Chemist: 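Structure provided below as structure tokens; questions to follow.
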Amino acid sequence: MLIEGVVADANVLLSAVVGKAALRVFTEFDVIVHVAQFNTDEVAEYLPQMARKYGLAVELVEMQWKLLPLRIHSISEYRRTLPQALLDLERRDPEDAHALALARSLSLPIWSNDRDFDDLDVECYSTARLLRRLTEQK
């Protein structure tokens, strides 16, 4: 199966903004990265913490965040799939429901290093697995 797009969870986006392997998805491959507005708000909230954790200037981390080529989706675009996603993740992490609902709405896999998406009806790729698959299809 050719991977042309993925729905990113907040954890991989935070990894990308501090220069971890997740950044390679954006810089080395032609894949569209979709994200729910809810998750972009979550990332923005954690940028200062990530900068401190990795000893980086907050301004640089914020600039990297702004430069990531993302397709941001409002809740209105996945509203119909959100109730089931919330139910599916109520005992795991309900905040992950936005990524799940968007993935279902767009019929795309999820890109996350979070185990909360295991055993659901949507394919989920960790960063390492996604990089392997994208390298294979290149």
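As a basis for the values below, the full set of heavy atoms in this structure was taken, side chains included, without hydrogen atoms, waters or symmetry mates. The chain is numbered in sequence order, starting from 1. Remember, it's a predicted structure, so these values are computed and weren't measured experimentally.
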Chemist: I'd like to check Y125 versus R132 (side-chain heavy atoms, cut-off strictly below 4.5 Å). Are they in contact?
Modeler: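 Of all side-chain heavy-atom pairs linking R132 with Y125, none is under 4.5 Å.
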Chemist: Work out which heavy atom in A16 is nearest to a heavy atom in A22; give both atom names and the distance.
Modeler: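 Reported closest heavy-atom pair: N-CB, 3.8 Å.
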Chemist: Please determine whether residues I110 and F26 belong to a single hydrophobic cluster, defined as Ile, Leu, Val, Met, Phe, Trp and Tyr linked transitively by side-chain heavy-atom distances below 4.5 Å.
Modeler: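 Hydrophobic grouping puts I110 apart from F26.
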Chemist: What pair of heavy atoms forms the shortest contact from A101 to T81, and how long is it?
Modeler: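 Closest approach of A101 to T81, heavy atoms only: O-OG1, 2.8 Å.
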Chemist: Once rounded to the nearest 0.5 Å, what's the spacing between atom OG of S105 and atom NE2 of H98?
Modeler: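 Going from OG on S105 over to NE2 on H98, the span is 13.5 Å.
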Chemist: Quick check against the 3.5 Å criterion: does N11 have a side-chain atom that pairs as donor or acceptor with the backbone of N113?
Modeler: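 The answer is yes, because a donor-acceptor pair under 3.5 Å joins these two groups.
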Chemist: Find the distance between CG (L89) and CG (L100) and round it off to the nearest 0.5 Å.
Modeler: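 Between atom CG of L89 and atom CG of L100 there are 5.0 Å.
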Chemist: Sort out for me which residue in T127, D9, V7 forms a side chain to side chain contact (heavy atoms under 4.5 Å, CB included) with W111.
Modeler: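 Filter result, single survivor: T127.
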Chemist: Should the heavy atoms of other residues, nucleotides or ligands under 6.0 Å from OH of Y46 be counted, would the total exceed 12?
Modeler: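 Not buried by this count: 12 neighbours or fewer within 6.0 Å.
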Chemist: Do F117 and D96 make a side-chain contact, defined as non-hydrogen atoms from C-beta onward lying under 4.5 Å apart?
Modeler: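 F117 reaches D96 side chain to side chain.
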Chemist: Distance from R24 atom CZ to L131 atom CG, nearest 0.5 Å?
Modeler: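 Going from the CZ atom of R24 to the CG atom of L131 covers 4.5 Å.
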Chemist: Indicate the atoms forming the closest heavy-atom contact of G5 with P109, along with that distance.
Modeler: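 Looking at all heavy atoms of both residues, the closest pair is O-CD, 3.5 Å.
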Chemist: Consider only side-chain heavy atoms of I, L, V, M, F, W and Y, link residues closer than 4.5 Å, and tell whether L106 and L86 are in one cluster.
Modeler: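 As far as the 4.5 Å side-chain criterion goes, L86 and L106 are connected within one cluster.
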Chemist: Report the C-alpha separation of L70 and V33 in whole Å, then their side-chain angles, then the decisive distance to 0.1 Å, and conclude whether the side-chain contact (heavy atoms from CB on, under 4.5 Å) test is met.
Modeler: CA-CA 5 Å; L70 301 169; V33 178; 3.7 Å; yes
Chemist: Kindly indicate whether the side chain of L120, heavy atoms from C-beta on, has any atom under 4.5 Å from the side chain of R92.
Modeler: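 In short, these two side chains touch, coming nearer than 4.5 Å.
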Chemist: Which atom pair, heavy atoms only, marks the closest approach of E77 to H73?
Modeler: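 Here E77 and H73 meet closest at OE1-ND1, 2.7 Å.
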Chemist: Among L14, L47, V18, L60, exactly one meets side chain to side chain contact (heavy atoms under 4.5 Å, CB included) together with W65. Which residue is that?
Modeler: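 Going through the options one by one, the only one that passes is L47.
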Chemist: Does D118, at its CG atom, have more than 12 non-hydrogen atoms belonging to other residues, nucleotides or ligands within less than 6.0 Å?
Modeler: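 Yes, the 6.0 Å shell around CG holds more than 12 heavy atoms from other groups.
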Chemist: Taking all non-hydrogen atoms of both residues, which atom of A8 and which atom of A99 are closest, and how far apart?
Modeler: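 Scanning both residues completely, I find the closest heavy atoms to be O-CB, 4.5 Å.
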Chemist: If you define the side chain from C-beta out and look only at heavy atoms, does anything of L23 sit under 4.5 Å from L68?
Modeler: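 L23 reaches L68 side chain to side chain.
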Chemist: Between E45 and E42 (side chain of the first, backbone of the second, donor and acceptor by atom type, cut-off under 3.5 Å), is there such a pair?
Modeler: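 Not a single qualifying donor-acceptor pair exists.
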Chemist: Without swapping roles, check the side chain of T40 against the backbone of V35 for a donor-acceptor pair under 3.5 Å.
Modeler: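 Looks like no, no N/O pair under 3.5 Å.
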Chemist: Between R104 and Y78 (side chain of the first, backbone of the second, donor and acceptor by atom type, cut-off under 3.5 Å), is there such a pair?
Modeler: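 A pair under 3.5 Å: no.
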Chemist: What distance separates E123 CD from R129 CZ, expressed to the nearest 0.5 Å?
Modeler: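 These two atoms lie 4.5 Å from each other.
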Chemist: Rounded to the nearest 0.5 Å, what's the gap from CD1 on I3 to CD1 on I32? Could you check?
Modeler: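 Spacing of CD1 (I3) from CD1 (I32) equals 13.0 Å.
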Chemist: Would you kindly confirm whether L102 and I75 end up in one hydrophobic cluster when ILVMFWY residues are joined by side chain heavy atoms under 4.5 Å apart?
Modeler: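 Yes, L102 and I75 fall within the same hydrophobic cluster.
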Chemist: Hey, could you give me the CG/OG distance between L130 and S112, rounded to the nearest 0.5 Å?
Modeler: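 Here the rounded value is 11.5 Å.
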